[in-house]
Enquirer: 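Would you mind keeping the following structure in view while I ask a few things?
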Amino acid sequence: MIQIVETELPIEAVTQSVMQELGGAMGGLATFVGTVRNHAQGHQIQHLEYSAYKPMAEAEMQRIAEEVRERWGVPCAMAHRLGLLQVGQASIVVAVASPHRKEAFAACSWAVDEVKSRVPIWKKEVATDGSWWVEDPLKNPLTTPKADS
Amino acid sequence: MIQIVETELPIEAVTQSVMQELGGAMGGLATFVGTVRNHAQGHQIQHLEYSAYKPMAEAEMQRIAEEVRERWGVPCAMAHRLGLLQVGQASIVVAVASPHRKEAFAACSWAVDEVKSRVPIWKKEVATDGSWWVEDPLKNPLTTPKADS
Amino acid sequence: MGNPHIYTVLLFAMLREKAGTSINIELPSDETTAPDLLAACAAQYPQLAVWLPHTKIAVNCAYVTLEQPIRPADEIAFIPPVAGG
Amino acid sequence: MGNPHIYTVLLFAMLREKAGTSINIELPSDETTAPDLLAACAAQYPQLAVWLPHTKIAVNCAYVTLEQPIRPADEIAFIPPVAGG
């Protein structure tokens, strides 16, 4: 299961899908859920705006899941949320089921790294002192709202 | 949250407890769920029987969570189920919330290893061709039921 | 010399904010590569130039290599540094 | 010589199957250590002997070191190889 959503992340459905795929051969399930932090590099975050090149993002997530299956022989499922996310809300879930726990952890951690480095999704941090695209090589605040408090 | 239960594992409550403890500082949640496999070393498993030295098991799980906090500075919660578990049922959940994903994975994986090596919980595998205590240094089948099919 | 060939490119994130959801880049050939397409873009859309050294190109929903041929009929996208998760 | 001192020890897993939920081990002293308690157990409960080299001792819900004093009033438990998870 690979999904990009604009509403709440289907965490339960993602974990269930890998558990059902592996069935009784499963010994362990490793899950990662990423959430919006309240601060980043000294800035107080108000919210995040996620956007994507959706068809490619889905294709790239599918490729990552297939690479997990090739490398570890186990199922991987994931979902990513787009749109405006508040502090504390979940943006990504990645789940890997495996007969053995070491492989579950290794494959899940690897898949999260790959999503962050390859999948065409972008986020703009909106902080109390400006907003900017995360990973923007220029990283100048795009807007600097006047503080009224 | 540290809990030993005889009924269904409170997976949601365990993950919620570390998420709430870290609050808006959280960036990632790593969760491990262990389930009963249908085979072990060539044997077809029918079910598992978990037992524990409960007060010490709870104390040891508490110490592991405290060691996670000392070493990584992040909250860790876990629960373990006892009694008769069928193939596919979840026996353990360990969750770690952290500002950063690498620490969440490392601490969660470490805590699971510690539970398996230190917490006084035992399991007897009941297979189609006998039953035995897992990790029993003698590992002779305790009973060998007559096959009637 | 014939008419220039038009490569339509999808934009995202900071590139989209500077030049819209897609741009048309003109090249003399009906087949190009990522370096040539980025060079033409820098000339024709100078407001994007600073990001192009950090931008990857995707064709038909997959990243391309430096040598891979790109044609006007492809679905072409510029992928500035990603930040999913 | 006075009466022997009785150390009550909780048993689990295969030890429990062989000798019940707890046993009483007699020692001449009112203070002992893990190695001495295991040696006395091997003599008094020979059906447990094969597992004792693999057994740890917990006192008041924590593992003890080899030198740590153990007294009859402590909550003592024999911990054969664990298999949680």
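Nothing here was measured: the structure is a model prediction, and the numbers come from that model. Residue numbering restarts at 1 for every chain, and letters A, B, ... go by the order of the sequence lines.
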Enquirer: Restricting to pairs with a member in residues 11-38 of chain C, which pass ring-ring contact (aromatic ring centres under 6.0 Å, His included), not counting sequence neighbours?
Expert: A:Y53-C:F12, A:W122-C:F12

Enquirer: Measure distances from A:V112 to the heavy atoms of chain C and classify the residue's part below 4.5 Å as side chain, backbone, both or neither.
Expert: neither

Enquirer: Compare every heavy atom of A:Y50 with every heavy atom of C:G85, then report the nearest pair and how far apart it is.
Expert: O-OH, 2.7 Å

Enquirer: Which one of C:A62, C:G84, C:A77 has the most heavy-atom pairs closer than 4.5 Å to chain A?
Expert: C:G84

Enquirer: Do you know the tightest heavy-atom contact between C:V82 and A:R118?
Expert: CG2-N, 4.0 Å

Enquirer: Can you list the residues of residues 3-41 of chain A that sit under 4.5 Å from chain C, counting heavy atoms only?
Expert: none

Enquirer: Non-hydrogen contacts under 4.5 angstrom with chain C: give the residues of residues 55-91 of chain A involved, or none if there are none.
Expert: A:P55, A:M56, A:A59, A:E60, A:R63, A:H80, A:S91

Enquirer: Got a sec, which pairs hit ring-ring contact (aromatic ring centres under 6.0 Å, His included) with one end in residues 54-85 of chain C, sequence neighbours left out?
Expert: none

Enquirer: What are the two closest heavy atoms between C:E17 and A:W133, and how far apart are they?
Expert: OE1-NE1, 3.0 Å

Enquirer: Considering all heavy atoms of both residues, which atom of C:A83 and which atom of A:K123 are nearest to each other, and what is their separation?
Expert: O-NZ, 3.0 Å

